[in-house]
Each structure stands twice: as C-alpha cells, then as structure tokens.
Amino acid sequence: VTDNSLRLLKTRPRPSNLLLCLESMVLAVSSLLSNSHVNIEFYAHQLMPVILSILLNKKICKNRDEPHWDVRELAARTVAEVCQMFGDKYPDLQTRITETYIEAMRKSSSNLSTHFGAIVGTYWLGPLVVESVLMSLHNQYVELLEKRIEEYSKSSESSKNVAIGTEACSRCRFALN
C-alpha cells in the first residue's frame with residue numbers, strides 16, 4: 001500500500017485513475033484498522049506518511065475538478081482513527097500530526113487543497129485540537145481566504161479555473177466554520 005501510493009503521487013503525468021486508487025488505499029488502511037484480527041500497530045509508522053501525503057498533497061488527482069475533497073476527508077478520518085488507536089502507546093503521535101497540520105496551514109503559499117486537508121485533519125482530531133489550533137489561526141486564515149477570493153475575481157484566467165479556485169476557498173471556509 002505504502003510504496004504504491006507514494007509511487008502514484010510522484011508519477012508524471014498523473015494517471016487518470018489516480019484518485020480512485022488513492023481512495024481504495026485509504027479504505028484498505030481503514031479496513032485494516034477496524035479488523036481486530038490484524039495487528040497493524042507495527043506498520044502504523046509506514047502508513048501514516050502515506051495517509052498524510054494523500055491528505056495534504058497539493059494535487060491527488062489528474063484534473064482539479066475531480067472530487068478529491070471526499071478522499072481528503074476520508075484520509076483525515078483515517079489519521080484520527082490511527083491516533084485514537086495508538087495514541088496511548090505513542091503519546092507524541094497526535095502532537096506530531098497536529099504540528100504537521102499547523103505547518104501546512106501557516107504556509108500561505110500552500111495550495112488550498114493542502115489547507116483544506118489540514119483543516120479537516122484538525123477537525124477529526126477533536127474539539128480540543130480544533131480550539132487550540134484552528135481558533136488561534138482563524139482570523140488570519142479568513143483574511144487569507146478573502147484575499148484569494150478577491151484575486152480570483154480579478155483574475156484573467158479561464159472561468160473554469162476561477163470557479164475551481166473559488167470553490168476551493170469556499171470549501172476551506174466551510175470546513176473552518
């Protein structure tokens with residue numbers, strides 16, 4: 001799972017079935033986590049980078065208008081599930097993941113898809129993490145989104161690109177609230 005996911009994310013040009021493959025991999029990991037007959041703990045350190053890459057990668061599909069938002073949310077829930085299952089045994093696991101999300105959100109140059117992944121990832125870690133992370137960044141981040149929306153409205157790009165960019169801003173804003 002791990003090798004194949006990372007290979008797919010690095011492939012150029014992107015395969016047309018990339019999103020479906022990544023979704024299948026996240027679902028497979030989620031299924032392994034819920035299977036009481038499989039001890040996945042020893043492989044968690046190999047799975048987390050892949051799931052986080054799917055969640056936070058700039059582009060996880062061939063075309064920007066594919067429904068990658070749902071796959072990112074599924075990856076966020078899976079990361080939270082790993083934290084819940086193994087947080088007692090690895091006390092710094094959730095802290096390290098939260099720091100990864102904060103870093104992704106603080107980079108204003110990051111793609112909005114990455115920001116969305118960080119927001120939903122934080123959300124799925126629970127209300128205490130949301131309060132400590134998202135609330136401290138809320139005003140700064142809303143300003144960034146408003147600036148991006150304004151840039152899209154003045155953009156000379158095609159109407160399709162403007163619509164996709166505006167949708168990304170809207171999804172981030174919705175996830176933030």
Side-chain angles (χ1 to χ4, degrees), residues 1-34 46-83 97-126 129-130 133-134 137 141-142 144-149 151-153 155 157-177:
V1 170
T2 58
D3 292 341
N4 197 26
S5 297
L6 293 175
R7 183 183 55 76
L8 284 170
L9 286 169
K10 292 177 182 177
T11 302
R12 300 289 188 269
R14 302 243 184 230
S16 59
N17 65 342
L18 175 62
L19 190 63
L20 181 62
C21 291
L22 295 177
E23 180 180 25
S24 298
M25 289 177 205
V26 174
L27 287 169
V29 170
S30 185
S31 294
L32 288 170
L33 288 168
S34 63
Q46 293 175 327
L47 296 173
M48 288 306 288
V50 174
I51 302 301
L52 285 168
S53 293
I54 292 170
L55 177 61
L56 299 173
N57 202 300
K58 177 179 179 177
K59 192 173 179 184
I60 62 169
C61 52
K62 184 173 176 91
N63 300 312
R64 293 189 319 174
D65 56 349
E66 290 182 69
H68 60 95
W69 310 104
D70 297 334
V71 176
R72 292 178 192 278
E73 183 132 8
L74 177 63
R77 287 194 307 257
T78 304
V79 168
E81 193 175 350
V82 169
C83 288
I97 289 169
T98 302
E99 289 171 358
T100 301
Y101 293 158
I102 291 170
E103 182 181 332
M105 284 205 46
R106 283 209 169 123
K107 289 182 182 176
S108 61
S109 61
S110 290
N111 187 286
L112 288 173
S113 301
T114 300
H115 285 214
F116 177 82
I119 293 168
V120 295
T122 302
Y123 170 81
W124 282 103
L125 290 179
V129 180
V130 168
V133 174
L134 291 183
L137 297 172
Y141 192 69
V142 168
L144 171 75
L145 288 175
E146 288 173 357
K147 182 179 173 185
R148 292 260 179 112
I149 289 172
E151 289 171 4
Y152 283 120
S153 68
S155 176
E157 289 188 48
S158 73
S159 59
K160 181 179 179 180
N161 286 343
V162 170
I164 290 170
T166 304
E167 178 190 10
C169 289
S170 298
R171 286 192 181 261
C172 287
R173 182 95 189 239
F174 181 77
L176 192 60
N177 296 325

Q: Nearest 0.5 angstrom please: Leu125 CG to Ile97 CD1, how far?
A: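 It is 6.5 Å, given to the nearest 0.5 Å.
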Q: So, for Ile54 and Ala75, which heavy atoms are closest and what is the spacing to 0.1 Å?
A: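 For Ile54 and Ala75, the tightest heavy-atom pair comes out as CG2-CB, 4.2 Å.
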Q: May I ask you to decide if Val120's main-chain N or O and Arg77's side chain share a donor-acceptor pair within less than 3.5 Å?
A: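 Not a single qualifying donor-acceptor pair exists.
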Q: If I compare all heavy atoms of Cys169 with all of Leu112, which pair ends up nearest, and what's the gap?
A: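 So the two residues come closest at SG-CD1, 3.4 Å.
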Q: Using the side chain to side chain contact (heavy atoms under 4.5 Å, CB included) rule, pick out the option among Ile119, Val133, Thr122 that qualifies with Tyr101.
A: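 Of Ile119, Val133, Thr122, side chain to side chain contact (heavy atoms under 4.5 Å, CB included) with Tyr101 is met by Thr122 alone.
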Q: CG/Leu74 to CG/Leu55 distance, rounded to the nearest 0.5 angstrom?
A: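 Between atom CG of Leu74 and atom CG of Leu55 there are 10.0 Å.
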Q: A side-chain contact here means heavy atoms from C-beta on lying under 4.5 Å apart; do Met25 and Val50 qualify?
A: no
Q: About how many Å separate CG of Leu20 and SG of Cys61, when rounded to the nearest 0.5 Å?
A: 12.0 Å
Q: Just wondering, more than 12 heavy atoms not from Tyr123 lying within 6.0 Å of its OH?
A: no
Q: Would you name the heavy atoms of Phe116 and Glu73 that are closest together and state the gap between them?
A: CZ-OE1, 4.4 Å
Q: Test Trp124 against Glu81 for side chain to side chain donor-acceptor pair (under 3.5 Å), laying out the working first.
A: CA-CA 9 Å; Trp124 282 103; Glu81 193 175 350; over 6 Å; no
Q: Would His68 and Lys59 count as a side-chain contact (heavy atoms from CB on, under 4.5 Å) if you check the C-alpha gap in whole Å, the side-chain angles of each, and the deciding distance to 0.1 Å?
A: CA-CA 9 Å; His68 60 95; Lys59 192 173 179 184; over 6 Å; no
Q: Quick check for you: to the nearest 0.5 Å, what is the distance between Leu176 atom CG and Met105 atom CE?
A: 6.0 Å
Q: Mind listing the closest non-hydrogen atom pair of Lys58 and Arg72 along with its distance?
A: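 Heavy atoms only, the tightest pair is O-NH2, 3.4 Å.
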Q: Which pair of non-hydrogen atoms, one from Lys62 and one from Pro15, has the smallest distance, and what is that distance?
A: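 Smallest interatomic distance, heavy atoms only, reads CB-O, 3.8 Å.
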Q: Does the pair Glu23 and Asp70 meet the rule for a side-chain contact (heavy atoms from CB on, under 4.5 Å), with working shown?
A: CA-CA 9 Å; Glu23 180 180 25; Asp70 297 334; 5.8 Å; no
Q: Looking at every heavy atom in both His115 and Cys172, which two are closest together, and how far apart are they?
A: CB-SG, 4.2 Å
Q: Within the 4.5 Å heavy-atom criterion, are Glu99 and Glu103 side-chain neighbours or not?
A: no
Q: CG of Leu27 to CG of Leu32: how many Å apart, nearest 0.5 Å?
A: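 Rounded to the nearest 0.5 Å, the CG-CG separation comes out at 11.0 Å.
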Q: Rounded to the nearest 0.5 Å, how far does CG of Leu145 lie from OG1 of Thr166?
A: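 One gets 11.5 Å once the value is rounded to the nearest 0.5 Å.
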Q: Looking only at atom types and distance, does a side-chain atom of Thr114 sit under 3.5 Å from a main-chain N or O of Leu56, one as donor and one as acceptor?
A: yes
